[in-house]
Amino acid sequence: MKLGTLLIHNGYDTDAATGALGTPVYQTSTFDRGPDFRKDETPPPAGRMEYDYSRSGNPTRKALETAAALLEGGSSGYAFSSGIAAIAAALGIFSAGDHIITAEDIYGGSYRLLNTYFKRWKLEHTALNEVNPDTIRAAIRPNTKAVFIETPSNPLLKITDIQASCAAAREAGLISIVDNTFMTPLLQRPLEQGADIVVHSATKFLGGHSDVLAGIVVTKTRELGARIYAMQNGLGAVLGPWDCFLVSRGIKTLKVRMDAQQKTAARLAEFFARHKNVDAVYYPALADRLQKEIHERQAEGPGAVLSFKTKTVEQARNFLGRTKLAAPAVSLGGVETIASYPVKMSHAAIPAPERERLGIADSLIRISAGLEDADDLIEDFDAALR
Ligand SMILES: Cc1ncc(COP(=O)(O)O)c(C=O)c1O
């Protein structure tokens with residue numbers, strides 16, 4: 001089946017017990033184990049005995065986790081209470097004294113996690129300006145265990161070659177982790193390109209309506225899945241049944257939303273590129289030839305997120321204050337267009353000199369295209385920029 005069909009038919013399209021088309025919400029913390037609970041040591045039969053406590057497993061969560069694994073082409077999926085909880089679980093499978101390689105241009109919360117929490121836990125990391133087989137090989141130490149990338153990256157939409165990077169990581173016995181939040185499995189499936197673990201902020205396009213915080217991890221192998229499950233069950237940052245329902249519901253409309261939002265983003269990127277008050281536009285479809293080529297090889301579209309720099313900082317601040325249709329807000333991937341100001345929002349955790357060095361300027365704005373009419377957005381943005 002094509003991905004568009006899998007979004008709807010993924011094993012949980014009809015509830016086996018009742019025939020319900022909507023995913024039932026099992027809003028319960030615990031499960032009646034029945035009179036046979038003493039047989040605990042034997043594998044539980046499917047159905048009633050499969051669940052004992054909702055931190056360890058819940059049928060509504062299972063529906064979402066199964067769908068996520070199927071869509072990403074992995075062996076198992078795990079749903080967390082936020083994207084950052086999912087990333088913390090993926091990085092949490094490593095130990096004190098291990099070393100991981102990341103890109104410099106990653107989500108600010110991932111940067112903060114690595115530089116605060118995991119630093120205290122003595123997980124070492126090297127952040128590369130550009131992740132490619134050569135830079136990976138040069139950064140490998142005897143204790144290196146993984147490579148963690150985000151492509152396109154946040155907020156500068158830099159492209160990393162998934163296949164080449166994962167191949168270099170595999171050669172050295174490293175685990176590859178890819179944050180696939182911006183693309184979703186509809187446009188990009190890193191596991192098929194050599195990655196071992198995919199992470200998502202499902203708060204974004206998977207949920208799709210700016211009404212839920214959620215995270216997903218999908219692993220290629222069952223062995224890695226068991227390590228993620230130990231983190232999920234052990235730390236307990238699980239996604240609640242109602243929120244699992246909301247993400248499962250969002251996934252069903254991912255294709256129509258992404259198709260429409262991507263179309264609008266492409267028009268907005270062209271508009272910004274031509275505007276006299278805009279200095280630069282960052283969008284995979286407008287990237288330099290090499291980056292564009294890599295992206296087109298590994299993804300099925302440029303996505304619905306772009307960034308642009310105005311000529312002056314004042315213009316950026318005015319834009320955020322004056323746009324009537326885009327919410328000046330954190331986050332992306334919802335049905336409403338969002339204009340984020342990375343220096344004060346998603347990347348505020350990065351010290352200013354470091355941000356400047358990375359090109360995350362005070363004049364940079366990130367746009368997540370929503371489902372509004374593109375003509376209305378262009379008119380509004382033109383007025384706000386002027
Ligand atoms: C690429 C990326 N990864 C991870 C996260 C973190 O997700 P959450 O906010 O759901 O914790 C975000 C949030 O903006 C993100 O943009």
Side-chain angles (χ1 to χ4, degrees), residues 64 68 72 78-92 102-118 127 131 148-160 162 177-185 187-188 190 195 197-218 231-232 235 237-240 243-244 246-247 250-251 258 261 265 282 284 299 303-307 327-334 336 338-350 358 360 364-369:
L64 170 61
E72 284 288 5
Y78 303 90
F80 291 85
S81 54
S82 70
I84 210 70
I87 292 169
L91 297 177
T102 67
E104 279 182 336
D105 192 27
I106 53 172
Y107 168 60
S110 305
Y111 172 96
R112 180 174 48 208
L113 194 62
L114 283 163
N115 285 287
T116 56
Y117 182 84
F118 281 113
V131 178
F148 174 39
I149 57 176
E150 208 179 287
T151 179
S153 68
N154 186 0
L156 293 174
L157 288 298
K158 278 195 193 168
I159 308 300
T160 299
I162 299 175
I177 305 170
V178 179
D179 185 331
N180 203 26
T181 299
F182 274 34
M183 288 285 102
T184 81
L187 299 181
Q188 180 171 277
I197 298 178
V198 167
V199 295
H200 278 278
S201 169
T203 311
K204 311 300 189 297
F205 290 100
L206 297 180
H209 294 74
S210 310
D211 54 9
V212 62
L213 274 177
I216 299 277
V217 178
V218 176
M231 293 302 299
Q232 187 193 43
L235 283 179
V238 295
L239 193 62
D243 290 346
C244 288
L246 285 174
V247 178
I251 283 176
M258 186 56 106
Q261 289 171 236
Y282 305 90
V305 180
L306 63 134
S307 296
V330 170
S331 205
L332 56 103
E336 43 302 271
I338 288 179
S340 297
Y341 193 40
V343 294
K344 293 276 181 214
M345 298 177 180
S346 55
H347 292 69
I350 302 177
L358 297 175
I360 306 172
L364 184 76
I365 291 174
R366 191 188 71 198
I367 298 285
S368 169

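In listed order, ligands and their atoms are each counted from 1. The structure presented is a predicted model; accordingly, all values stated were derived computationally and were not measured. Here, residue 1 is the first one in the sequence, and each next residue gets the next number.
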Among Leu213, Asp179, Val330, which one puts a heavy atom closest to atom 3 (N) of ligand 1? Asp179
In the protein, what heavy atom is nearest to [atom], and what distance, to one decimal place, separates them?
{"atom": "atom 10 (O) of ligand 1", "result": "Thr203 OG1, 2.6 Å"}
{"atom": "atom 6 (C) of ligand 1", "result": "Tyr107 CE2, 3.4 Å"}
{"atom": "atom 16 (O) of ligand 1", "result": "Asn154 ND2, 3.1 Å"}
{"atom": "atom 13 (C) of ligand 1", "result": "Lys204 NZ, 2.7 Å"}
{"atom": "atom 11 (O) of ligand 1", "result": "Ile84 N, 2.8 Å"}

Can you name the residues that form a side chain to side chain donor-acceptor pair (under 3.5 Å) with Ser82, not counting sequence neighbours? none
Residue list, side chain to side chain donor-acceptor pair (under 3.5 Å) with Thr181, at least two apart or on another chain: Asp179
Suppose I only count heavy atoms of [X] and a 4.0 Å limit; which atoms of ligand 1 are within that range?
{"X": "Gly83", "value": "7 (O), 8 (P), 10 (O), 11 (O)"}
{"X": "Thr181", "value": "1 (C), 2 (C), 3 (N)"}
{"X": "Ser201", "value": "4 (C), 5 (C), 6 (C), 7 (O), 8 (P), 10 (O), 12 (C)"}
{"X": "Ile87", "value": "4 (C)"}
{"X": "Ser82", "value": "10 (O), 11 (O)"}

Would Ala85 count as a polar contact of ligand 1, with the cut-off being nitrogen or oxygen pairs under 3.5 Å? no
